[in-house]
Protein chains: 2
Amino acid sequence: MARAIAARADLLPALAETFREHGYEGASLSRISQATGLGKGSLYHFFPGGKAEMVEAVLAEIEAWFATHVFEPLREAGDPEAAIEAMFETVTDYFRSGRRVCLVGALSLSDARDRFAEDLRRYFALWVEALAGALSRAGHPEGTATARAEDIVGSIQGAVVLARALDRPETYDRIMLSLRARGRLSPSP
Amino acid sequence: MARAIAARADLLPALAETFREHGYEGASLSRISQATGLGKGSLYHFFPGGKAEMVEAVLAEIEAWFATHVFEPLREAGDPEAAIEAMFETVTDYFRSGRRVCLVGALSLSDARDRFAEDLRRYFALWVEALAGALSRAGHPEGTATARAEDIVGSIQGAVVLARALDRPETYDRIMLSLRARGRLSPSP
DNA sequence: TCAAGACTGGACCGATCGGTACAGAACATG
DNA sequence: CATGTTCTGTACCGATCGGTCCAGTCTTGA
């Protein structure tokens with residue numbers, strides 16, 4: 001009984017990688033079956049809603065992961081500046097310097113956006129909100145903290161796009177350094 | 001005879017929009033057929049290589065459009081600062097404040113990236129190069145002009161992602177304003 | 001005017017798509 | 001060990017996929 005829940009959760013990493021690599025349309029059931037080592041019967045046992053339910057489960061796990069490792073540290077840290085630095089470290093690691101696609105960003109650009117609109121929106125909204133709070137507590141002017149947070153989150157997404165297109169992970173790392181340096185130099189807009 | 005060339009070019013806008021809206025996998029031949037009003041026979045007459053050749057033709061036109069309207073103005077402008085301002089206007093218009101996806105960026109995040117790698121790489125490389133040149137002539141320190149250009153091009157791509165995910169075109173416009181303001185305030189890193 | 005070639009739509013192809021049905025294996029619980 | 005449930009692979013479904021083929025219709029230059 002408890003096995004079912006664990007097994008379902010165990011599938012999510014393989015599912016996530018498959019959707020990251022092939023997108024929603026490109027991740028066919030046969031590819032998913034191969035990636036997870038499970039037949040269709042098992043997949044539909046855990047996800048009766050098919051691919052749509054798989055994506056939703058993956059998005060939920062991604063959001064939970066970011067909540068634990070990114071959003072909450074930003075919100076609760078005693079030292080907000082250190083938390084922001086830690087955020088850069090964490091996401092650079094997570095996105096493997098742009099070698100790994102951000103599934104939420106990729107889906108946002110695809111035609112699957114409308115189907116999962118609320119999940120995609122919430123992920124970025126939570127990120128911007130948490131970061132804006134940390135910036136604010138780090139001394140950033142109240143009025144522009146949200147704007148600055150959007151700049152940063154957007155830049156991270158753009159860095160993934162650019163590094164992948166140029167096939168240069170260093171570009172991702174460099175953009176991260178530039179964002180961090182800017183935060184250190186000028187807490188004012 | 002001349003008709004053929006014209007007709008092929010006339011298809012590109014509809015093709016481009018179809019790939020933008022549905023991605024490479026999602027843009028099925030039946031959808032393409034519907035969007036262009038042409039049967040499969042005609043499509044394969046103009047693009048014997050099928051979907052792959054269609055995408056390549058679209059990418060070539062996009063690159064040509066950007067070369068004319070963005071890259072060359074950046075390179076040749078007498079007033080580089082004005083050219084950079086004009087670039088922001090042009091791309092904001094082109095991407096419809098993030099309502100319209102950047103096909104090159106979207107393909108870069110998809111599994112079609114490898115297939116069109118060189119086209120995707122060149123588009124961004126040319127953009128960064130042209131912008132870095134303009135920044136440099138506008139007084140930006142030589143050593144960091146390329147880095148700053150990558151920041152900007154990446155931020156534009158990220159703004160599209162973020163605005164679409166949040167479903168807030170204003171976010172795209174705001175990020176553009178922030179990028180432009182930053183250029184005006186500090187020509188130094 | 002008329003042949004040559006550009007162009008067209010749609011029937012058709014095998015492959016694969018997402019999804020269903022189901023019989024049996026593995027399993028936890030009594 | 002018996003029983004009921006969970007889990008599994010596979011055969012199968014209709015639909016659609018990308019792509020081919022071709023008979024026929026336009027268009028153009030001689």
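A, B, ... follow the sequence lines: proteins, then strands. Residue 1 opens every chain.
As rounded to whole Å, 11 Å separates atom P of D:dG19 from atom CG of B:Leu43. The nearest whole Å value for the distance from the NE2 atom in A:His45 to the C1' atom in C:dG24 is 15 Å. In this structure, CG of B:Leu11 is placed 11 Å from P of C:dC7, rounded to the nearest angstrom. Rounded to an integer number of Å, the gap from A:Leu38 CG to D:dT6 C1' is 13 Å. Taking atom CZ of residue B:Arg115 and atom P of nucleotide D:dG18, one finds them 11 Å apart after rounding to whole Å. For the pair B:Glu53 CD and D:dG19 C1', the interatomic distance rounds to 13 Å; values are reported in whole Å.
The residue A:Gly37 sits close only to the backbone: its heavy atoms come under 4.0 Å of sugar-phosphate atoms, none of a base. When heavy atoms are screened at a 4.0 angstrom cut-off, B:Gly41 is found touching base atoms of the nucleic acid.
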Taking distance alone, no hydrogens or angles, what donor-acceptor pairs closer than 3.5 Å link side-chain atoms of residues 158-169 of chain B to residues at least two apart or in another chain?
from     : atom 1 : to       : atom 2 : distance (Å)
B:Arg164 : NE     : A:Ser108 : O      : 2.7
B:Arg164 : NH2    : A:Ser108 : O      : 3.3
B:Arg168 : NE     : B:Thr171 : OG1    : 3.2
B:Arg168 : NH2    : A:Glu150 : OE2    : 2.7
B:Arg168 : NH2    : B:Thr171 : OG1    : 2.9

Using the rule given for salt bridge (charged side-chain N to carboxylate O under 4.0 Å, His left out), can you reason through A:Arg137 versus A:Glu81, listing the C-alpha separation, both sets of side-chain angles and the distance that settles it, and then say yes or no? CA-CA 9 Å; A:Arg137 276 179 290 119; A:Glu81 280 192 56; over 6 Å; no

What's the verdict on side chain to side chain contact (heavy atoms under 4.5 Å, CB included) for A:Asp111 and A:Tyr24, showing C-alpha distance, side-chain angles and the deciding distance? CA-CA 9 Å; A:Asp111 67 337; A:Tyr24 184 70; 5.8 Å; no

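Applying the side chain to side chain contact (heavy atoms under 4.5 Å, CB included) criterion to B:Glu118, with sequence neighbours excluded, gives B:Arg121, B:Arg122.
Between A:Phe95 and A:Tyr172, the ring planes lie perpendicular to each other; the angle is over 60°, past the 30° to 60° tilted range. Ring geometry, B:Phe124 versus B:Trp127: the interplanar angle falls under 30°, so the pair is classed parallel (tilted spans 30 to 60°).
Using a 4.0 Å cut-off, some side-chain N or O of B:Ser42 falls inside it from OP1 or OP2 of C:dG9.
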Could you list all N or O pairs between the protein and nucleotides 15-18 of chain C that sit under 3.5 Å apart?
from   : atom 1 : to      : atom 2 : distance (Å)
C:dC17 : OP1    : A:Ser28 : OG     : 3.0
C:dC17 : OP2    : A:Ser30 : OG     : 3.2
C:dG18 : OP1    : A:Lys51 : NZ     : 2.7
C:dG18 : OP2    : A:Leu29 : N      : 2.6

